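Single-structure report; data block below.
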Amino acid sequence: MASTPMDDLTCDRFLGGRLQLYQPRKGYRAGVDPVLLAASVNAQLGQSVLDMGCGAGAAALCLGARVPGLTLVGLELQPSFAALARRNSAENDIPFEVVEGDLAAMPAILKSRRFDHVIMNPPYFDRSSGTAAPDGARETALGGPTPLSAWIDAAARRLVPKGYLHLIQRADRLPEILAAARDRLGSLQLLPLIPRPGRDSQLVILRARKEGRAAFRLHAGLVMHDAPLHDGDRENYSEDIRLVLRDGAALPFPG
């Protein structure tokens, strides 16, 4: 598939400018969610990471910018996004192997491999009860046909024993996540992300471990913005979130 023309792309700064990513000007664009996902991962030098549904590479490359010496691999269904992920890898000098394919029919090159970590930001919407986005690429990213249970099953199969899964997802899909993880993963920990003080959580980050046996933990929510209301045209991220987004710090994930 031909690469996206330059005038259809933007080059966006992440981690305070430490990372610059090319993305489509229109359609699905990475925001803070993959950055927070990457910041939650407790990876260490020399470990391997698989980013399932890697898109243009935001989560994997943010993680690679924070933790040097990782073996980063991405799986991406859409060839145009896979091409962007490879380009972003080269532009930022962060090695990142990108495999094109469908997690529901795992490519042979990945079937024989196991990883210390799997990370993923699955589509947020269940299209069995919603309306598809008009843009095809955006629709695949936001509401693809593959159920969450298939994402979690594929992740569990790719993990080494005691390996970790991290995913970010809408809070209202938490029942699906917990049901899918029940027989596949253990030591589940949930970190709710709260948009502003006094608001309900809209997103959660799940940390789970293959063959883990620790009790389920629901952590206190992490507030993303200090002010209860948006106050003018300026950022008001909480200090923990600001350090993640601007300085590339790790997310304060308890435990």
Side-chain angles (χ1 to χ4, degrees), residues 1 28 30 34 37-38 40-64 67 69-90 94-124 126-127 137 140-141 143-169 173 176-188 205-213:
M1 184 174 185
Y28 176 75
L37 171 64
S40 74
V41 181
N42 54 339
Q44 300 177 15
L45 173 70
Q47 290 188 324
S48 57
V49 182
L50 172 63
D51 183 355
M52 293 206 321
C54 67
L61 295 175
C62 282
L63 178 56
V67 184
L70 296 175
T71 298
L72 297 172
V73 180
L75 173 64
E76 174 52 43
L77 177 64
Q78 302 185 74
S80 59
F81 275 103
L84 280 177
R86 295 187 187 103
R87 177 177 181 176
N88 288 329
S89 166
I94 299 175
F96 183 34
E97 175 189 353
V98 182
V99 177
E100 292 179 24
D102 188 342
L103 66 89
M106 189 63 64
I109 193 173
L110 294 179
K111 276 189 173 181
S112 61
R113 298 174 69 176
R114 298 294 181 270
F115 298 85
D116 298 297
H117 300 269
V118 173
I119 64 175
M120 58 190 191
N121 182 9
Y124 281 168
D126 180 359
R127 290 312 188 204
T140 300
T146 305
L148 275 176
S149 57
W151 282 79
I152 292 174
D153 179 67
R157 292 175 184 274
R158 301 278 72 76
L159 283 170
V160 300
K162 303 298 183 181
Y164 286 96
L165 165 67
H166 288 80
L167 71 84
I168 189 168
Q169 183 55 249
R173 301 195 72 183
E176 293 175 72
I177 294 171
L178 296 179
R182 182 179 298 119
D183 298 324
R184 298 172 176 87
L185 299 162
S187 301
L188 271 60
I205 295 178
L206 171 74
R207 174 182 289 172
R209 199 170 193 187
K210 188 170 184 175
E211 300 179 2
R213 298 186 180 277

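Treat the numbers as computed from the prediction; the structure is a model and nothing was measured. In this chain, residues are counted from 1 in sequence order.
- Atom CG of Leu63 sits about 10.0 Å away from atom CD of Gln47, to the nearest 0.5 Å.
- Judged as a side-chain contact (heavy atoms from CB on, under 4.5 Å), and not counting sequence neighbours, the contacts of Ala82 are Glu76, Arg86, Val98, Glu100.
- Between His166 atom NE2 and His117 atom NE2 the span is 7.5 Å, to the nearest 0.5 Å.
- For the residue pair Leu148 and Pro122, the shortest heavy atom distance occurs at CD2-CB, 3.7 Å.
- Within the 4.5 Å cutoff, side-chain heavy atoms of Leu185 are placed close to those of Leu159.
- Between the CG atom in Leu206 and the CG atom in Leu37 there is a gap of 10.5 Å [rounded to 0.5 Å].
- Checked against side chain to side chain donor-acceptor pair (under 3.5 Å), Ser48 has the following partners two or more places apart in sequence or in another chain: Asp116.
- Applying the salt bridge (Lys or Arg N to Asp or Glu O under 4.0 Å) criterion to Asp153, with sequence neighbours excluded, gives Arg157, Arg184.
- What you find for Gly55 and Ala85 is that their closest heavy atoms are O-CB, 3.5 Å.
- No side-chain donor-acceptor contact under 3.5 Å links Lys210 to the backbone of Gly163.
- Contacts of Glu97 classified as side chain to side chain donor-acceptor pair (under 3.5 Å), with partners at least two apart in sequence or in another chain: Arg113.
- Taking the side chain as every heavy atom from C-beta outward, Leu75 and Met106 approach each other to under 4.5 Å.
- Proximity of Leu61 to Phe96: side-chain heavy atoms (C-beta onward) are separated by under 4.5 Å at one or more points.
- Here the CD1-CG distance, from Ile177 to Leu188, works out to 9.5 Å after rounding to the nearest 0.5 Å.
- In terms of modelled atom types and a separation under 3.5 Å, the side chain of Ser187 and the main chain of Ala208 share no donor-acceptor contact.
- The two residues Pro34 and Asn121 come nearest to each other via the heavy atoms CD-ND2, 4.1 Å.
- Here Arg114 pairs with nothing under the salt bridge (Lys or Arg N to Asp or Glu O under 4.0 Å) rule; sequence neighbours left out.
- Applying the salt bridge (Lys or Arg N to Asp or Glu O under 4.0 Å) rule to Arg182 yields no partners; only residues at least two apart in sequence or on another chain are considered.
- Between the CD1 atom in Ile168 and the CE atom in Met120 there is a gap of 12.0 Å [rounded to 0.5 Å].
- Of the inter-residue distances, the one linking Ile119 atom CD1 with Asp51 atom CG reads 4.0 Å to the nearest 0.5 angstrom.
- Contact between Phe81 and Tyr28 at its shortest, heavy atoms only, is CZ-O, 3.9 Å.
- The two atoms that bring Ser40 and Ile205 nearest to each other are OG-CG2, 3.7 Å, heavy atoms only.
- For the residue pair Ala154 and Met52, the shortest heavy atom distance occurs at CB-CE, 4.0 Å.
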| Chi angles and distances behind the side-chain contact (heavy atoms from CB on, under 4.5 Å) call for Val118, Trp151 | CA-CA 11 Å; Val118 173; Trp151 282 79; over 6 Å; no
